[in-house]
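Accompanying notes for the structure given below.
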There are 4 protein chains.
Amino acid sequence: MTGIAQLVEEGLVTEPDSAKGRLIKAAGQLFKEKGYARTTVRDLAAEVGILSGSLFHHFPNKEAILRAVIEEAIHRVLAQMYDALAKVEDPVEKLRAMVRCEGHAINNDLNPGFQIMASEWRSLNPENQESILVLRREYEGLWKKVLDTLFQQGLINVEGSFTRHFIRGALIESHNWYDVDGKLTLEQLEDKLIQALVHSP
Amino acid sequence: MTGIAQLVEEGLVTEPDSAKGRLIKAAGQLFKEKGYARTTVRDLAAEVGILSGSLFHHFPNKEAILRAVIEEAIHRVLAQMYDALAKVEDPVEKLRAMVRCEGHAINNDLNPGFQIMASEWRSLNPENQESILVLRREYEGLWKKVLDTLFQQGLINVEGSFTRHFIRGALIESHNWYDVDGKLTLEQLEDKLIQALVHSP
Amino acid sequence: MTGIAQLVEEGLVTEPDSAKGRLIKAAGQLFKEKGYARTTVRDLAAEVGILSGSLFHHFPNKEAILRAVIEEAIHRVLAQMYDALAKVEDPVEKLRAMVRCEGHAINNDLNPGFQIMASEWRSLNPENQESILVLRREYEGLWKKVLDTLFQQGLINVEGSFTRHFIRGALIESHNWYDVDGKLTLEQLEDKLIQALVHSP
Amino acid sequence: MTGIAQLVEEGLVTEPDSAKGRLIKAAGQLFKEKGYARTTVRDLAAEVGILSGSLFHHFPNKEAILRAVIEEAIHRVLAQMYDALAKVEDPVEKLRAMVRCEGHAINNDLNPGFQIMASEWRSLNPENQESILVLRREYEGLWKKVLDTLFQQGLINVEGSFTRHFIRGALIESHNWYDVDGKLTLEQLEDKLIQALVHSP
DNA sequence: GATGAATGAGGTTTCATTCAT
DNA sequence: CATGAATGAAACCTCATTCAT
């Protein structure tokens, strides 16, 4: 997609076909499947066909890989969200666009870093956490604007900040029960969440 | 409390003052703070004032401690929930009682095992997962009954099973942002979640 | 010897027959023979008949072993020096006693830590260096007192502080050429150094 | 200087402005500061602005760099010493000239290889040691001649061979305490050493 | 000559677990 | 029951060296 290409150009995301890029992708999958602590650097290296020592040409240490996985994921979701938000006007539709982005990020294997951020946050040292928090603040700012509007218009029952926490929890948790191959489509799941929280006017 | 005493008597929960009981309590705190993988058996032993070797007189291995922490937590919450549900009739109040139980279990340090179940599920091997799932099914059954009723009565917008997933996610996530010492009480937070999902009739 | 026994009792030196004591002794030999960087913890462990992992029951890391080797060596030399100094009155004889102590410490395999301190000083991080410096200052204080007296009495040509540096260098370097099994005894070598620096009155 | 230029011409010393020459100079500094084992080829390469792989166009392996650093240093000191010795006649002045050469080599950063030889001797394999020993023997021969004369004339108290060892030790050790920026000049230090060992007639 | 990704052996350290005392 | 030294596998990481480009 042209979206990714632009992120690569800006240096925010690693070229997916490069060794480093393939490493980040493999790390995303493994961290999601097995967890960060139970994924060894040998696992990672084997997944991209190099030896474990070679890993440290691309990253100074294992935690830097975790950080890269998460940061690139946020950059990707952010870019998608800006795109999607620009296409609709209605606040409910803006919310739907955002839920779609986050829901897909969490439940699709294309961008597992987002889910990993939720489950492995404590595996990051304070410095890396802070670095990621900068991105998260930008990201959460988008949600706040839309949800505050909805609350002012009386379309949701509780303040935007709380509603955002509820939505985040619900979407993260969906990863633990939603079956991508089941009958329910991801879009239907996302719509149900919106329906649960937003009044039909 | 007589509640705990009875659970002890039934063999579902370890006597809290025994060495084993103190071990489980300490494990709950440490697993919550640092995560299961990053908590060493030495940490655990030191916390209760024994040496790491002695730990294995009480548990066959480290994972058995994790399992005990989780199972005892569910037993506790289940007992509290049965108690609380028996005291009210109105479905919304039943829901409130359940949200109170789970919300407190997650955000109080008294019973951290519930939160740990959510974050460390993948650290358990299939056998232990299955053993815990037996309890979880009983626990989720309670939720299903109440939420199905609410949906039939038109008080919530989406089916009970989905609403339950949303509530679970929202409550688990609350652990990541709710500040016990802040202005918002836990009860207020729980009420906001109910308000977000349930129609005022 | 009763001297060592007392140091053990005071906690300044590790019981030589304990695992830790044998480790320190083996480390002294290996660090002297191969150098600190080229001695692996596996080498060390093999030398005392344990596995490398077991090493870390006794020491938090490799550098702590180096530090222990050096500190215990200084404690030993210090104790010997106090003993020897107490037995003579004449300043030249006091100097001879000190040169004997240091010369033997450097050229005997009984106490290689002293030599190691000279050659591996840069392998220690600043904290460990400072800890050892506390001992060194006490040790150098003994030399200063005796050499200052000799200078005031006109028995040596240059100030005590410089003479001390020259003696230290000469004795450390002796390790690189003196042959314990050769014709020259260690005592003869030490006397030659004194003779080179001190006037026959 | 013409001295160095001639050494370059004879092939004994590498042209200082060439890549190889700059490499040897950088290696000298780093080996002196951090020690041979703790200096990586990456450090070396970075210091001269190339990548580590390129290093091996100039040297077959890391140890060859150490050897070159030492051998070139000895060639330099030897040349300086021949020059200086040719300018004076008096044995004491010859000794002073030699002490000046060696003292400066050790305490000046211009030619750190001499000091490195002392501290990193064990890092060399036997072949490289032997190769260097050929040079050292020539070098030590110069000292022997002068010191033997002084002993025969009764100007020093102990045989030349021992006195040489003492001087070498004292000068090498001076590197550990002499402060180039302090009040004492290097010449004063060197004179003190001579004064300590040589009788004023 | 230079690059830089990759190698692969080997380094230190961690840690759950065992077991003689 | 507790101890604590020892185990041994496995972890992360380092680094001299190679080699296709």
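What's counted below: heavy atoms across the whole structure, side chains too, no hydrogens, waters or symmetry copies. All figures in this text were calculated on a predicted structure; none of them were measured in a lab. Every chain is numbered from 1 and lettered A, B, ... according to where its sequence line falls, protein lines coming before strand lines.
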Give a yes or no on whether C:Glu127 atom CD has more than 12 heavy-atom contacts from other residues, nucleotides or ligands under 6.0 Å away.
no
Exactly one of A:Asn128, A:Asn61, A:Asn125 should register a side-chain hydrogen bond (donor to acceptor under 3.5 Å, both in side chains) with A:Arg67. Which one does?
A:Asn128
With a 4.0 Å cut-off on heavy atoms, is B:Thr39 in touch with a base, just the backbone sugar-phosphate, or nothing at all?
sugar-phosphate
Rounded to whole Å, CG of B:Asn61 lies from C1' of E:dC15 at a distance of 14 Å
State whether a side-chain donor-acceptor pair under 3.5 Å links C:Glu120 with C:Ser123.
yes
Expected output is a numbered-order residue list: members of residues 124-132 of chain B with a heavy atom under 4.0 Å from any atom of DNA chain F. What is it?
none
Those residues at least two apart in sequence (or on a different chain) that pass side chain to side chain contact (heavy atoms under 4.5 Å, CB included) with A:Leu55 are A:Leu23, A:Val41, A:Leu44, A:Ala45, A:Ile65
Quick one: closest heavy-atom pair of C:Gln129 and C:Leu124, and the distance?
NE2-O, 3.4 Å
CD on A:Glu47 to CZ on A:Arg42, rounded to 0.5 Å
15.5 Å
Among F:dA16, F:dA11, E:dT13, the one nearest any side-chain atom of A:Thr40 is F:dA11
Quick one: D:Phe56 CZ to F:dT18 C1', roughly how many Å, whole number?
9 Å
Distance check, rounded to the nearest 0.5 Å: B:Glu72 atom CD versus B:Leu12 atom CG?
8.5 Å
Applied to residues 23-35 of chain D, the salt bridge (charged side-chain N to carboxylate O under 4.0 Å, His left out) test, sequence neighbours excluded, yields D:Lys32-D:Asp109, D:Lys34-D:Asp43
In whole angstroms, how far is the P atom of E:dG11 from the CZ atom of D:Arg38?
16 Å
Would you mind reading off the distance between D:Leu44 atom CG and F:dT14 atom P, rounded to a whole angstrom?
17 Å
For nucleotides 6-9 of chain F, tabulate all protein N/O to nucleotide N/O atom pairs closer than 3.5 Å, reporting atom names and distance.
{"from": "F:dA6", "atom 1": "OP2", "to": "C:His58", "atom 2": "NE2", "distance (Å)": "2.8"}
{"from": "F:dA6", "atom 1": "N7", "to": "C:His57", "atom 2": "NE2", "distance (Å)": "2.6"}
{"from": "F:dA6", "atom 1": "N6", "to": "C:His57", "atom 2": "NE2", "distance (Å)": "3.3"}
{"from": "F:dT7", "atom 1": "OP2", "to": "C:Leu51", "atom 2": "N", "distance (Å)": "2.9"}
{"from": "F:dT7", "atom 1": "OP2", "to": "C:Ser54", "atom 2": "OG", "distance (Å)": "3.2"}

Nearest whole angstrom, please: distance from the C1' of F:dG4 to the CG of C:Leu23.
16 Å
Can you check the D:Lys62 NZ to F:dC15 C1' distance for me, whole Å?
8 Å
B:Tyr36 six-ring face occupied by B:Lys62 cation (under 6.0 Å, within 45°):
yes
Residues 110-129 of chain C vs ring pair (Phe, Tyr, Trp, His ring centres under 6.0 Å), sequence neighbours excluded, gives C:Phe114-C:Tyr139
D:Glu9, CD atom: more than 12 neighbouring heavy atoms under 6.0 Å
no
Counting only Watson-Crick and G-U wobble pairs with both atom distances below 3.5 Å, the stems of 3 or more consecutive pairs that include DNA chain E are E:2-21 with F:2-21
Between C:Asp43 and B:Ala37, just flag the one whose closest nucleotide in DNA chain E comes earlier from the 5' side.
C:Asp43
